[in-house]
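Worksheet: one structure, shown below.
Chain A is the first sequence line, chain B the second, and so forth, proteins listed ahead of strands; every chain is numbered from 1.
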There are 2 protein chains.
Amino acid sequence: MVEKRVDDRPDAPRNMLTEAQHILQDRLIQLGLKRSSQRDTILRVFLKVRDHLSIEELHTLIKKQDAAIGYTTVYRTLKLFVQCGLAAEVEFHDGVARYEHCLNRRSHHHMICTVCGDSVEFFSREIDEIERSIGKRFHYVTTRHSFQIYGTCEACQRKLKNTATKAQ
Amino acid sequence: MVEKRVDDRPDAPRNMLTEAQHILQDRLIQLGLKRSSQRDTILRVFLKVRDHLSIEELHTLIKKQDAAIGYTTVYRTLKLFVQCGLAAEVEFHDGVARYEHCLNRRSHHHMICTVCGDSVEFFSREIDEIERSIGKRFHYVTTRHSFQIYGTCEACQRKLKNTATKAQ
DNA sequence: ATTGCTGCAAACGATTTGCATGAGG
DNA sequence: CCTCATGCAAATCGTTTGCAGCAAT
């Protein structure tokens with residue numbers, strides 16, 4: 001439940017790391033904070049991974065680069081990345097925080113299988129428009145929204161059907 | 001932070017309680033479970049309240065009817081209500097579970113002020129349509145979705161502006 | 001030098017569970 | 001009677017915090 005696709009394809013360009021490092025660096029200075037080798041390592045690993053990882057999953061990957069990095073640091077650093085606009089929390093609403101990087105990433109949403117936990121990404125322009133118009137109607141300054149669809153994926157539907165045959 | 005509007009208006013009809021009691025009763029039998037005075041009391045209080053309450057808020061209200069009812073029972077009972085289709089969990093993503101009743105209740109969503117925690121309900125037919133079409137496209141059997149908008153309400157915008165005047 | 005960062009262990013807060021007892025059918 | 005429901009206290013789990021020592025500027 002830990003290995004995730006690592007991205008070495010052209011659409012996760014080498015220079016995304018550089019870009020992210022600059023953003024982080026600038027933001028650290030703005031906030032009066034400091035660089036650290038741990039933050040560098042965590043950023044590097046985080047950017048290599050596609051999709052959303054829990055802190056635990058991330059920590060497992062990070063320890064392969066530097067076994068000394070602790071759980072707490074990963075928590076703290078991911079929060080920092082969110083502040084810097086490098087990461088976004090994904091709300092799967094299953095009791096664990098998940099993060100994905102949001103650099104060069106279109107706004108998207110997730111549909112989650114409640115049986116196996118798998119998920120697919122989808123895009124929807126309407127949703128952004130709804131945020132805008134509802135915010136306007138009720139005089140809210142909106143900052144973000146959260147949208148996810150829950151259901152059962154094709155594979156799990158099949159599995160459930162097979163299990164159900166004798167029960168029927 | 002506990003008192004909530006209690007509904008004695010015509011659109012929360014007397015017989016909603018009766019209807020809910022029947023649904024609960026039927027479902028209990030289906031599941032091989034039993035009635036109890038606690039479950040009755042919790043249902044009665046729960047239905048009287050509009051909007052979404054945390055377990056803590058609910059427990060406070062419930063204790064006024066029967067001081068002996070424990071925290072745990074409220075947790076367990078609300079889960080049961082969800083199973084029975086009487087309640088739905090509201091996902092505000094602030095670390096506490098909130099429930100609202102979903103009897104005779106149009107599907108709706110929430111926009112939440114991240115400063116004061118206040119929220120407004122809104123309706124959107126498009127969202128239901130998006131669930132349907134995305135589910136179809138990826139061959140998911142969808143069961144529900146979760147959508148909320150986060151931002152700052154009008155009152156908090158004013159307050160923030162006032163606080164900012166000297167900082168500027 | 002000063003201040004922020006780290007890792008560990010302990011604290012935390014919401015929720016869940018184990019268990020002895022009580023109530024419902 | 002048998003089974004489920006209850007209330008309490010203890011356990012759990014993800015996350016946060018306090019703190020002493022280390023690292024960055």
Side-chain angles (χ1 to χ4, degrees), chain A residues 1-2 21 24-46 52-60 62-63 65-84 87 89-99 117, chain B residues 1-2 21 24-46 52-60 62-63 65-84 87 89-99 117:
Chain A
M1 210 21 186
V2 159
Q21 280 168 337
L24 179 60
Q25 182 58 28
D26 292 353
R27 202 81 179 90
L28 287 177
I29 292 170
Q30 263 180 53
L31 296 166
L33 306 178
K34 291 171 178 171
R35 271 187 76 253
S36 82
S37 69
Q38 289 92 329
R39 284 177 180 169
D40 289 347
T41 307
I42 295 173
L43 181 60
R44 217 169 331 105
V45 173
F46 179 58
H52 26 69
L53 262 64
S54 67
I55 296 290
E56 185 174 21
E57 291 167 334
L58 264 171
H59 185 224
T60 308
I62 288 162
K63 273 193 303 190
Q65 303 298 310
D66 178 350
I69 294 181
Y71 226 86
T72 315
T73 304
V74 183
Y75 268 107
R76 285 191 277 227
T77 306
L78 265 290
K79 295 232 143 154
L80 176 66
F81 289 176
V82 172
Q83 267 189 59
C84 300
E89 202 180 327
V90 183
E91 291 157 19
F92 276 19
H93 179 252
D94 60 351
V96 273
R98 293 163 193 284
Y99 295 89
Chain B
M1 211 20 186
V2 159
Q21 281 167 337
L24 180 60
Q25 181 59 28
D26 291 354
R27 203 79 180 93
L28 287 177
I29 291 170
Q30 264 181 52
L31 297 167
L33 306 177
K34 290 173 180 173
R35 271 187 76 253
S36 82
S37 69
Q38 288 92 330
R39 285 177 179 169
D40 289 347
T41 306
I42 295 173
L43 181 60
R44 217 168 331 104
V45 173
F46 179 59
H52 27 68
L53 262 62
S54 67
I55 296 289
E56 185 175 21
E57 291 168 334
L58 264 171
H59 185 224
T60 307
I62 288 162
K63 273 194 302 190
Q65 304 296 311
D66 179 348
I69 294 180
Y71 227 86
T72 314
T73 305
V74 182
Y75 268 106
R76 286 191 276 228
T77 306
L78 264 292
K79 294 233 142 151
L80 175 67
F81 288 176
V82 172
Q83 267 189 60
C84 300
E89 202 180 326
V90 183
E91 290 156 20
F92 276 19
H93 179 252
D94 59 352
V96 273
R98 294 162 193 284
Y99 294 89

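- When each of A/G70 and B/V96 is assigned the nucleotide of DNA chain C with its nearest heavy atom, A/G70 is the one assigned upstream, toward the 5' end.
- With sequence neighbours excluded, the residues that form a salt bridge (Lys or Arg N to Asp or Glu O under 4.0 Å) with A/D94 are A/R98.
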Heavy atoms under 4.0 Å is the rule here; annotate nucleotides 16-21 of chain C 5' to 3' with B where the base is hit, S where only the sugar-phosphate is, and - elsewhere.
BBB---
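- Residue B/I55 contributes atom CD1, which lies 18 Å from atom P of C/dG13 at whole-angstrom precision.
- Nucleotide C/dG13 holds its C1' atom 10 Å from the CD atom of B/E56, rounded to whole Å.
- Near DNA chain C, defined here as any heavy-atom distance below 4.0 Å, the residues from residues 24-40 of chain B are B/K34, B/R35, listed numerically.
- Evaluation of the salt bridge (Lys or Arg N to Asp or Glu O under 4.0 Å) rule for A/D66 yields no partner, not counting sequence neighbours.
- You can see that DNA chain D meets the heavy atoms of chain B within a 4.0 Å-exclusive cut from D/dT3 to D/dA9, reading 5' to 3'.
- Under the rule for a side-chain hydrogen bond (donor to acceptor under 3.5 Å, both in side chains), the partners of A/R27 that lie at least two apart in sequence or sit in another chain are A/Q30.
- Ring geometry for A/H59 against A/Y71 counts as perpendicular: the plane angle is over 60°, on a 0 to 90° scale with 30° as the lower cut.
- An angle of 30°, rounded to 10°, separates the two end axes of the helix from C/dA1-D/dT25 to C/dG25-D/dC1, each defined over five pairs.
- Judged as a side-chain hydrogen bond (donor to acceptor under 3.5 Å, both in side chains), and not counting sequence neighbours, the contacts of B/E91 are A/H93, B/R144, B/S146.
- Remark: A/F92 pairs with A/H52, A/H110 by the ring pair (Phe, Tyr, Trp, His ring centres under 6.0 Å) rule, at least two apart or across chains.
- Partners of B/R76 by side-chain hydrogen bond (donor to acceptor under 3.5 Å, both in side chains), not counting sequence neighbours: none found.
- Taking the salt bridge (Lys or Arg N to Asp or Glu O under 4.0 Å) definition, one finds that B/R35 meets it with B/D40, sequence neighbours left out.
- Legend: residues meeting side-chain hydrogen bond (donor to acceptor under 3.5 Å, both in side chains) with A/S54, ordered by chain and number and at least two apart, are A/E57.
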